[in-house]
Amino acid sequence: MDIAKGIGITLVSFGHLRNGEGQSEWLPELDTLIAIIYLFHMPLFFVLGGITFSMRGGFRQFLIRKIKTLIVPYYIFSLYYLAKPFAVFVTAAWQAQHSAAASALETRIINVLFMGTGLWFLMAFFIGELLMYAVITIANRTVYCQHFITVVGLFAIIIFSIYHGVLSLPELPFQLDRGVQVLGYMCLGYAFKRTLIALTHRQGVILFLLATPLFSILAITNSLCTPAIATFESILAAVIGSTAVIGLSVAIAQNRIIASIGKNSLVYYALNNFTLNVCQLGIFRVLNINATTWPWIGQFLMGIVVTILALALLTIENAIVQRWLWWTIGKPRPVATVPAMHAESK
């Protein structure tokens with residue numbers, strides 16, 4: 001599954017070429033392509049989370065593990081989202097015009113600390129994992145375990161889609177609403193994990209070749225449908241797009257670089273938005289490269305360059321986190337290795 005996660009992180013990085021307002025400011029021609037990627041790249045991680053879901057150690061150990069690997073990283077790395085409004089507030093205070101800045105900072109603090117809108121994926125995934133534990137506990141007591149989990153998954157996805165896509169209701173605190181969405185896709189991954197894990201190389205290739213054109217059709221027609229139909233079509237696109245990536249990962253089988261990115265996906269995700277912003281500012285503002293008027297292919301190639309640069313920087317950042325900031329991602333202190341010559345002398 002590390003290959004699939006690595007592909008997912010690469011897609012997340014490319015998707016973050018958009019700014020916080022959902023606009024492709026530096027590469028506007030890529031807006032449609034990024035919107036297509038957004039149809040499935042996060043559900044992909046939810047499905048993979050279902051495939052790897054484990055209740056080992058009982059609920060207490062499960063809860064402690066999830067707090068360390070999801071909640072602690074959320075609050076630590078989400079501080080980045082407070083940096084800009086805090087800087088604006090400090091600047092405004094010097095100019096004695098701090099009222100609006102203070103209000104903006106207060107709103108952002110509430111959103112990050114209580115609404116879970118910083119690294120929302122981590123908060124939503126935590127809620128989804130807790131709900132998943134409850135569902136699997138109940139399912140294990142039923143005769144038709146797989147069917148029960150599948151039905152619960154589909155029901156959860158539909159409920160979330162109606163809540164947001166059709167009724168457009170406000171987000172709930174601590175990403176409780178998106179936690180239901182996470183639960184839905186996790187259930188599907190869990191219910192079909194044996195089938196997906198057992199895929200052969202040939203089956204992975206076939207799955208990718210079949211799922212990709214189906215997803216493409218759904219992605220193209222999605223913008224042409226009414227909001228209600230588009231909402232449910234997006235569910236199909238998310239499932240089929242995730243299936244295509246899983247098929248591709250099985251077809252690839254082995255790739256050290258992609259697998260390493262997937263294995264350390266938590267760090268690559270947590271620092272992704274910050275790193276992409278640094279790369280874009282460096283290329284488009286510091287180097288003064290104006291690609292906004294370039295043709296689509298030129299902007300696409302530039303997007304790939306920025307994404308590769310960001311992933312390279314993230315690799316360095318990941319090494320730093322793994323070595324010195326291991327506690328921020330719920331990992332134990334790395335064991336110091338004894339140099340070979342020193343060990344031999346002993």
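Nothing here was measured: the structure is a model prediction, and the numbers come from that model.
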| request: Output every pair passing salt bridge (Lys or Arg N to Asp or Glu O under 4.0 Å) with a member in residues 114-142, not counting sequence neighbours, ordered by first then second residue. | output: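 Salt bridge (Lys or Arg N to Asp or Glu O under 4.0 Å) check on residues 114-142 returns Lys66-Glu129.
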Any side-chain heavy-atom pair from [X] and [Y] closer than 4.5 angstrom?
| X | Y | value |
| --- | --- | --- |
| Glu25 | Gln280 | no |
| Leu130 | Leu63 | yes |
| Gln181 | Ile157 | no |

Grab the two heavy atoms, one from [X] and one from [Y], that are nearest each other, plus how far apart they are.
| X | Y | value |
| --- | --- | --- |
| Thr212 | Ala244 | OG1-CB, 4.0 Å |
| Asn140 | Cys145 | OD1-SG, 4.0 Å |
| Glu233 | Asn222 | OE1-CA, 2.8 Å |
| Val112 | Ser78 | CG1-CB, 3.8 Å |
| Ala253 | Ile3 | O-CG1, 4.0 Å |
| Asn273 | Tyr81 | ND2-OH, 3.3 Å |

| What's the verdict on side-chain contact (heavy atoms from CB on, under 4.5 Å) for Glu29 and Ile297, showing C-alpha distance, side-chain angles and the deciding distance? | CA-CA 9 Å; Glu29 291 295 323; Ile297 186 61; over 6 Å; no
Euclidean distance, [Y] [atom2] relative to [X] [atom1], rounded to 0.5 Å:
| X | Y | atom1 | atom2 | value |
| --- | --- | --- | --- | --- |
| Ile9 | Phe14 | CD1 | CZ | 15.5 Å |
| Trp294 | Gln299 | CH2 | CD | 8.5 Å |
| Leu33 | Tyr38 | CG | OH | 11.5 Å |
| Ile64 | Thr69 | CD1 | OG1 | 11.5 Å |
| Thr243 | Leu210 | OG1 | CG | 11.0 Å |
| Thr200 | Leu207 | OG1 | CG | 10.5 Å |

| Taking atom CZ of Phe155 as the centre, does the number of heavy atoms from other residues, nucleotides or ligands within less than 6.0 Å exceed 12? |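 It does not: Phe155 CZ has 12 such atoms or fewer within range.
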| task | Would you indicate whether Lys68, at its atom NZ, is surrounded by more than 12 heavy atoms from other residues, nucleotides or ligands within a distance under 6.0 Å? | result |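 Incorrect, the count does not exceed 12.
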Side-chain donor-acceptor contact under 3.5 Å, [X] with [Y]:
| X | Y | result |
| --- | --- | --- |
| Tyr269 | Asn264 | no |
| Gln322 | Asn318 | yes |
| Tyr185 | Ser242 | no |

Does the plane of the ring in [X] sit parallel, tilted or perpendicular to the ring in [Y]? Use 30° and 60° as the thresholds.
| X | Y | answer |
| --- | --- | --- |
| Phe125 | Phe121 | tilted |
| Tyr190 | Phe53 | perpendicular |
| Trp26 | Phe284 | parallel |

| field | Ile217, Ile235, Leu218 screened by side chain to side chain contact (heavy atoms under 4.5 Å, CB included) with Ile240, the one that passes | value |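 When side chain to side chain contact (heavy atoms under 4.5 Å, CB included) is applied between Ile240 and each of Ile217, Ile235, Leu218, only Leu218 qualifies.
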| said: So if I apply the side chain to side chain contact (heavy atoms under 4.5 Å, CB included) rule between Thr107 and each of Ile109, Ile110, Asn111, which one comes out positive? | reply: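 Testing each of Ile109, Ile110, Asn111 against Thr107, the sole residue satisfying side chain to side chain contact (heavy atoms under 4.5 Å, CB included) is Asn111.
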| Can Ser168 and Tyr163 be said to form a side-chain hydrogen bond (donor to acceptor under 3.5 Å, both in side chains), step by step? | CA-CA 6 Å; Ser168 298; Tyr163 185 90; over 6 Å; no
Listed pairs under 3.5 Å, donor-acceptor, residues 302-314 side chains, sequence neighbours left out:
| unit_1 | atom_1 | unit_2 | atom_2 | d |
| --- | --- | --- | --- | --- |
| Thr307 | OG1 | Gly303 | O | 2.7 |

| For Gly6, does its backbone N or O pair with a side-chain atom of Thr10 as donor and acceptor, under 3.5 Å? |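 Checking the backbone N and O of Gly6 against the side chain of Thr10, a donor-acceptor pair under 3.5 Å is found.
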| request: Measure centre to centre between the rings of Tyr74 and Phe126, then say whether the value is under 6.0 Å. | output: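 No - the distance between ring centres of Tyr74 and Phe126 does not fall below the 6.0 Å cut-off.
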